[in-house]
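We name chains A, B, ... by the order of the sequence lines, and we start the count at 1 in each one.
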Amino acid sequence: LVLEDPDFIVLHGLALRRRSDVEGLEQTTGLAREVIEQALDRARSANLVALARTHYLLTAEGDAALGLVYPKRFAGSRGDRRLAAAYERFESLNRDFKALITDWQVRPIGVAKLPNDHSDAEYDERVLRRLCTVHDRAEEILSVLSCSSPLVARHVDRLRAALERAESDEPEWVSGVRCDSYHAVWFELHEDLLRLLGKSREEDR
Amino acid sequence: LTHQTAFLDEGIASDPELVGGKAASLARMRSLGLRVPPAFVVTAEACRAYFKNGRLGTALRSEIERAISRLEQETERRFGGVERPLLVSVRSGAAVSMPGMMDTVLDLGMNRCVEAALECEGGGRFAAETHARFRELFRRIVLKRADAAFPDDPIEQLLLAVMAVFESSRSRRARAYRKHHGLPYDLATAVTVQAMVFGNLDGRSGTGVLFTRNPATGEAKPFGEFLAGAQGEDVVSGTRTPDPIERLAEALPDAYAELLAAGRMLEVAEKDVQDIEFTVERGTLWLLQSRSAKRSADAAIRIAVELANEGKIAREDAIRRVTSEHVRAVQRPRLRDETRSSALLLTRGDAASPGVGAGVAVEDCDETESRSAAGERVVLVRPTTSPQDLHGMIAAEAIVTELGGTTSHAAIVSRSLHKPCVVGCGDGTIAVLVGRSVTVDGSHGEVFDGSLPVETFQTDSHPWLAQLDEWTGGRLLHRLDE
């Protein structure tokens with residue numbers, strides 16, 4: 001099986017989102033709606049993708065097909081030591097990022113840790129500043145990696161957009177689950193890098 | 001008459017519009033006779049003049065220099081002096097605290113000669129660390145560029161820092177925030193210039209924070225942290241972990257007693273629980289800031305009632321301070337300790353998101369979604385979670401994972417969804433749980449066999465809420481029941 005663009009991009013985007021409607025895939029891939037729908041139709045007839053009501057997901061066959069394509073498609077990247085070093089830096093940044101998101105959601109009150117109700121503007125501001133720092137470091141690392149995957153540059157734009165929403169006092173854009181929040185986009189980005197370099201997620205090891 | 005600068009003991013220093021909220025609070029502390037490091041404020045009026053003229057006027061410059069002379073007299077130190085040098089902190093202070101404002105610059109007034117002078121007071125290492133800290137902060141916050149020339153002259157450092165604070169109130173971030181909150185577009189900010197005190201001078205120095213009551217439980221017992229031989233930012237940056245406040249009581253009992261007395265006084269004056277930042281320098285206590293403490297819902301209710309019982313606030317105030325959100329949080333179901341200790345514990349992990357949820361354990365997200373839609377209560381149990389599992393997590397009463405910690409995807413998403421969650425229960429958890437009826441206690445990180453009785457709120461289990469309800473003639477809880 002050979003997956004050409006845009007079919008590859010759509011399937012790969014679906015793998016990053018894991019489960020997505022067409023709007024979500026538009027966000028992730030930046031492709032036009034008709035292009036995505038046509039690619040999904042082809043993938044469904046090849047049994048690579050299944051539709052559960054409004055959301056698409058990869059079938060086991062689809063996942064296996066992508067698994068065969070990645071090593072060829074990303075062969076150059078996987079052998080590149082500069083990329084490997086950048087990825088290691090991203091993994092280390094990822095640990096800071098996850099700790100920061102936890103601090104965003106859980107606020108220490110004395111010895112207790114309580115859900116952050118976002119009533120303390122100063123506390124939120126300190127965490128947001130850390131997020132800005134993480135973002136700057138991420139942009140720097142990802143500039144090295146952006147040549148290797150077609151979607152990395154797009155993730156960066158989406159992260160920036162989420163950060164701007166979060167900074168305009170919309171706290172759900174940090175880690176909310178019902179929008180393309182910073183955390184949601186970061187998860188896709190991380191998944192992209194893992195697939196690109198053939199690594200597995202730390203939690204899953 | 002214009003007021004471009006103000007000292008804390010001047011009447012105008014109590015006006016937050018002019019000097020900023022923090023400086024006004026320092027002025028109140030000083031008026032109570034509490035020991036606050038001497039400080040003056042470059043006022044919001046000076047800021048407005050700066051915006052209008054595009055530069056610091058000569059009159060303001062000389063006023064700042066005169067204020068520094070007075071600070072020198074009060075501290076018996078000299079700014080840029082080669083003996084007993086005066087160092088200051090520079091911080092922003094608007095009437096409304098808002099994001100995007102300049103961070104605090106510490107140890108300003110430092111250069112190589114001053115470092116040598118400081119060495120006589122606290123040793124070479126202390127002097128070098130202080131100098132390095134200042135250079136790092138000043139370069140990052142005020143100069144903002146690695147290649148900018150570093151000023152040696154303390155007055156020049158101070159004027160640059162004052163301008164940087166003024167400019168920060170026009171930063172993109174501060175403007176966006178004001179726009180969002182309907183605050184004036186060109187809001188001016190004041191600048192507080194305060195003599196530094198050092199918690200890292202010797203073994204009889206340190207820094208910490210005191211809550212006049214426990215902010216988690218509301219218990220009327222002082223609570224806090226102390227870190228010996230350190231400055232405040234050592235605590236904030238997390239490089240060192242502070243000790244409980246009792247450590248200060250053992251090491252420096254006089255300073256501790258004075259701190260508690262100050263806490264009692266501030267609590268009465270401010271009519272609320274205070275969160276007080278302090279530094280001890282060679283055994284002498286200095287108060288740096290006091291503000292109303294952030295607190296849990298439990299604490300908010302208990303504190304409001306007890307302050308009223310102690311006559312510190314009126315009953316009407318106590319009622320006003322408790323929000324329906326507080327009451328709802330306290331009424332959230334929890335497991336009684338007796339229930340927990342007598343139930344069969346199936347597995348334990350990290351408490352990732354608080355609350356209690358019960359249902360039949362299911363591994364598959366689609367199954368979770370369909371059974372929940374059919375009216376069944378379901379607990380989702382996964383090895384880990386990913387965005388693929390979101391629909392299952394939304395449908396579940398609670399979430400349990402085998403792998404991952406309190407920063408894992410499952411933890412982060414559960415908290416966003418306000419669902420109880422226990423993570424990292426270990427391999428084999430799915431095999432043990434699936435198909436069983438279980439109860440998940442996300443507050444304690446425990447999963448129990450069966451559907452346990454949760455303690456829904458009873459007035460006798462929360463005497464303070466019951467008291468409050470009585471004061472409202474039963475309207476408080478009645479209103480929420482509707």
Most chain B-contacting option - heavy-atom pairs closer than 4.5 Å, from A:S181, A:A121, A:S175 | A:S175
Per-residue contact mode, A:L128 against chain B (heavy atom under 4.5 angstrom) | side chain
Interface moiety of B:P354 toward chain A, non-hydrogen atoms closer than 4.5 Å | side chain
Partner set under side-chain contact (heavy atoms from CB on, under 4.5 Å) for B:R302, not counting sequence neighbours | B:E219, B:E306, B:W464
Non-hydrogen atoms of chain B under 4.5 Å away: do they reach the side chain of A:E122, the backbone, both or neither?
-> side chain
Start with the C-alpha gap between B:T401 and B:R382, add the side-chain angles, then the distance that decides, and say whether side chain to side chain donor-acceptor pair (under 3.5 Å) holds.
-> CA-CA 5 Å; B:T401 69; B:R382 301 287 303 162; over 6 Å; no
Listed by chain and number, what are the side-chain contact (heavy atoms from CB on, under 4.5 Å) partners of B:D275, not counting sequence neighbours?
-> B:V209, B:F211, B:R291, B:A293
Select one option (side chain, backbone, both, neither) describing which atoms of A:R130 are under 4.5 Å from chain B's heavy atoms.
-> neither
A:H155 side, atom NE2; A:L142 side, atom CG - distance, nearest 0.5 Å = 9.0 Å
Looking only at A:H55, A:R178, A:R95, A:E191, most heavy-atom pairs under 4.5 Å shared with chain B are made by A:R178
Kindly write out the residues that satisfy ring pair (Phe, Tyr, Trp, His ring centres under 6.0 Å) with A:Y70, not counting sequence neighbours, or none if the list is empty.
-> A:H12, A:F74
Quick one: what part of A:V174 sits under 4.5 Å from any heavy atom of chain B, side chain, backbone, both or neither?
-> neither
Given that the side chain runs from C-beta out, which part of B:L390 has a heavy atom under 4.5 Å from chain A: side chain, backbone, both or neither?
-> side chain
Indicate whether the side chain of B:S290 and that of B:Q274 have a donor and an acceptor atom separated by less than 3.5 Å.
-> yes
Looking at B:D366 and A:R19, does any basic side-chain N land under 4.0 Å from a carboxylate oxygen?
-> yes
Answer key: most heavy-atom pairs under 4.5 Å with chain A among B:E325, B:H391, B:R295 is B:H391
Taking it one step at a time, do B:D350 and B:T406 satisfy side chain to side chain donor-acceptor pair (under 3.5 Å)?
-> CA-CA 6 Å; B:D350 289 328; B:T406 51; 5.5 Å; no
Which atoms of B:A297 come close to chain A, meaning under 4.5 Å heavy atom to heavy atom: side chain ones, backbone ones, both, or neither?
-> neither
Determine whether the side chains of A:N47 and A:T59 contain a donor N or O and an acceptor N or O closer than 3.5 Å.
-> no
Could you go through the side chain to side chain donor-acceptor pair (under 3.5 Å) check for A:Y182 and A:H135 one step at a time?
-> CA-CA 10 Å; A:Y182 203 94; A:H135 181 84; 2.7 Å; yes
Please determine if A:D124 and B:K294 form a salt bridge, counting it only when a charged side-chain N lies under 4.0 Å from a carboxylate O.
-> no
Residues of residues 413-421 of chain B contacting chain A, heavy-atom criterion under 4.5 Å, by residue number | B:V413, B:R415, B:S416, B:L417
